[in-house]
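Every chain is numbered from 1, with letters handed out A, B, ... down the list of sequences.
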Number of protein chains: 4
Amino acid sequence: MSTHETSHRRDPRLDRSRSAILSAAVELLSEGGVKAVTIDAVTARSGVARSTLYRHFPNNVELLAAAFQELLPPLRLPAAGGAPRDRLLRLVRAQAEQIESAPALAAVVWLATVGLTTDAPSDDERSRLAALRERIVDNLRGPFDAVLTECLGDRDIDHAAAQLVGPLLFNTLITRRPNDERFCARVVDDYLAGSG
Amino acid sequence: MSTHETSHRRDPRLDRSRSAILSAAVELLSEGGVKAVTIDAVTARSGVARSTLYRHFPNNVELLAAAFQELLPPLRLPAAGGAPRDRLLRLVRAQAEQIESAPALAAVVWLATVGLTTDAPSDDERSRLAALRERIVDNLRGPFDAVLTECLGDRDIDHAAAQLVGPLLFNTLITRRPNDERFCARVVDDYLAGSG
Amino acid sequence: MSTHETSHRRDPRLDRSRSAILSAAVELLSEGGVKAVTIDAVTARSGVARSTLYRHFPNNVELLAAAFQELLPPLRLPAAGGAPRDRLLRLVRAQAEQIESAPALAAVVWLATVGLTTDAPSDDERSRLAALRERIVDNLRGPFDAVLTECLGDRDIDHAAAQLVGPLLFNTLITRRPNDERFCARVVDDYLAGSG
Amino acid sequence: MSTHETSHRRDPRLDRSRSAILSAAVELLSEGGVKAVTIDAVTARSGVARSTLYRHFPNNVELLAAAFQELLPPLRLPAAGGAPRDRLLRLVRAQAEQIESAPALAAVVWLATVGLTTDAPSDDERSRLAALRERIVDNLRGPFDAVLTECLGDRDIDHAAAQLVGPLLFNTLITRRPNDERFCARVVDDYLAGSG
DNA sequence: TCTTAACCGAGACGGTACGTCGCGTCTTTTG
DNA sequence: CAAAAGACGCGACGTACCGTCTCGGTTAAGA
């Protein structure tokens, strides 16, 4: 059965160049923000040819998406055990911190933006963007939802996420206020009081 | 002193060209989204010269900001009177509808984006952007906060806004779900239960 | 010595791939002109791998040359016998027709172009191009010169060819006029009158 | 009436940048041949921006045509007077020399090539190329035909040109032989003998 | 009423980034 | 071991915007 295995082995050059591209893109993204992740800059820094880059990513949008996915730090999940309210609070705190750190917020906002600024003429393009979105959002929400489920049992997870994370988002996007300990606690308590 | 007075009267041409620019920009914005509001497109449609446009707006960012401000519909405020909970609910519903309608969301997201994607080389630029932000946000929040104050008395308005609007934002930006009647009701009730 | 023999017998696959390449190239050449004979297009249409193509032809120039050589129809030679003047006229007419038909002219022009547009960095390259040229020109002129010799005996063949074919070339390349019967007759008569 | 005049005065920058582009292109053309006249190379050498170049020339083909037109030396015309045969011979000699010098031949061949290698999808493109051709050819033939008319009176000028220049072309394009004095004399004499 | 200075349209200009295509070299996998 | 499959570096192309600038022409303001 080695034939089958080998027939599906990828060309190692693909991985080499892809990772070269991605690491260059991530560097540029963290150094200079979204604006810095230029096709030209990435090729220059990675030493990869333009055509090679386009063989991996169909356009700068997908490249940026991949870079974000690479850049985003995993959510620091609270240890299991303890009172549900405490655990929830720690979870929300972690989420707040992640949002506070530039990349995660940038990712979310940028994602939302993409839908606005891209022409998206073809349905093909549109659906690929949607897939992209989903992939990134799932990546972000996955661990969060897992813990949430543990804490809340059979309650509506989507509603809980909206209630718990929405206010953080509002603060950061609209009022530009920090999500401090007190605020997080109020958010958690309001949620528990309401949906208890 | 007529000299003084007349010397301060604006040249009517200024207003004429400014409004021509703005209406063209608003048209383009509502027709084709953010991407369509190009300097070239605006000058072409408005019949205003490039240099004139730049005399009114220092760059495309400010132009877009002005266009958004022009485009955003005012919040449909609930009539005074009635139970506070009902009024709050109607307020949140109106807000949800406004967010649902493309422009408002686009404005918010775009606003958030500006800070991320712009190079912002000088502090000057940065602060002007902040001012811009503030102006638009105030414009959006003003009427909302007014009603909120009426309903809630001396409670923390900022916290209330975060609790009430944040979840709507989360739904639209992250999960892409509609903010239906039921959801709004839960949001309001959770808030009232928690902060009561 | 069978080893020696077999080592000199060509791998049949070589012929198969070469002819596949050539027929694809000829098709493309006649369909879309010089511009269509792309390495990528030829490999795609012939099903031959890139590396295989490059084993047969060192670069696209030689490939195109081979395609032209394959494509060019043989000159329709006038039957032997008859008055020399008539035979000459029929020869010139046939040549005119061949020039009129796109490929022959294209070949001639392209051949001339090669020397101009190629970088020709090495003398090696340059001499190979010259050989290529010679091969194609000989291929074209061979039958023509043979008939010419028959008709003209010991006269200067090169001069005759220049006098007889040059004007056709001029018409086609410079003035874009057709080489009609009358023109050909004048060309022949002028030549005979002058060099008689 | 000065209004009318001034309103038609061209922006001086247009001439400045156009001549900068052209001289750079001519330099490159004479130094490195057709292949060297790259958009990038021209912009680099001329210090003119890419977009400016494209505002003057719609594509590299037209740029190259303009460069050729700039580069081609005028035909050294024979002084008036003297026997017609001598004058004709001097004219043909001059033409031979011009063809011998790279640029003229290159121009002619390149021109012929353009029709072959360009896709020319639209009729618009096709007709513009034809106009281009005509312009360059006229530029080349103009003085030549003038002298020819003087020498030959009412004879068919086009036919004469074909008979006199065609053989030179044949020698240079096909056989790669020099058009020496003796050859030119034979060409002239053949023509005079035939059409006398 | 007549100047005159601000404002205007038109658009050229230098830049930067994009996405595409073709080439010739090269590696990897398969028959 | 040769052929296919195709990744790769390279370099040119033509396009789209940007923000700056140079031009004349026009028009509203103030004398």
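Not counting sequence neighbours, T38(D) has no partner by the side-chain hydrogen bond (donor to acceptor under 3.5 Å, both in side chains) test. Residues satisfying the side-chain hydrogen bond (donor to acceptor under 3.5 Å, both in side chains) criterion with R45(A), sequence neighbours excluded, are E27(A), E31(A).
Of all heavy-atom pairs between A20(A) and S23(A), the closest is O-OG, 3.2 Å. Taking all atoms of both residues into account, the shortest heavy-atom contact from S46(A) to A24(A) is CB-CB, 3.7 Å.
The NE2 atom of H56(A) sits 9.0 Å away from the CG atom of L22(A) when rounded to the nearest 0.5 Å. The distance from atom OG of S17(A) to atom CZ of R55(A), rounded to the nearest 0.5 Å, is 8.5 Å.
Look at NE2 on H56(B): it is 17 Å from C1' on dG19(F), rounded to the nearest Å. Between the P atom of dA12(F) and the CG atom of L64(D) lies a distance of 15 Å, rounded to the nearest Å. Nucleotide dT25(E) holds its P atom 12 Å from the CG atom of L53(C), rounded to whole Å.
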Inset, instruction - Whenever both distances are under 3.5 Å in a Watson-Crick or G-U wobble pair, mark it; put DNA chain E into dot-bracket that way, with [ ] for crossing pairs and | when the partner is on another strand. - result: |||||||||||||||||||||||||||||||
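With contacts defined as side-chain heavy-atom distances shorter than 4.5 Å, the pair R18(D)/V48(D) does not qualify. Residues R50(D) and L53(D) have side chains not in contact (no heavy-atom distance under 4.5 Å, counting atoms from C-beta outward). Residues Y54(A) and I39(A) meet the side-chain proximity criterion, which asks for heavy atoms closer than 4.5 Å.
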Which pairs would a plain distance check flag for residues 60-71 of chain A, meaning a side-chain donor or acceptor within less than 3.5 Å of a matching protein atom at least two apart in sequence or in another chain?
residue, atom, partner, partner atom, Å
E62(A), OE2, R128(A), NE, 2.8
Q69(A), OE1, R135(A), NH1, 2.9

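Listed by residue number, the members of residues 13-29 of chain A with any heavy atom below 4.0 angstrom from DNA chain F are R13(A), L14(A), S17(A).
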Inset, instruction - Could you encode protein contacts along nucleotides 15-20 of chain E as a string, one character per nucleotide from 5' to 3', using B for base contact, S for sugar-phosphate-only contact and - for no contact, with a heavy-atom cut-off of under 4.0 Å? - result: B-BBBB
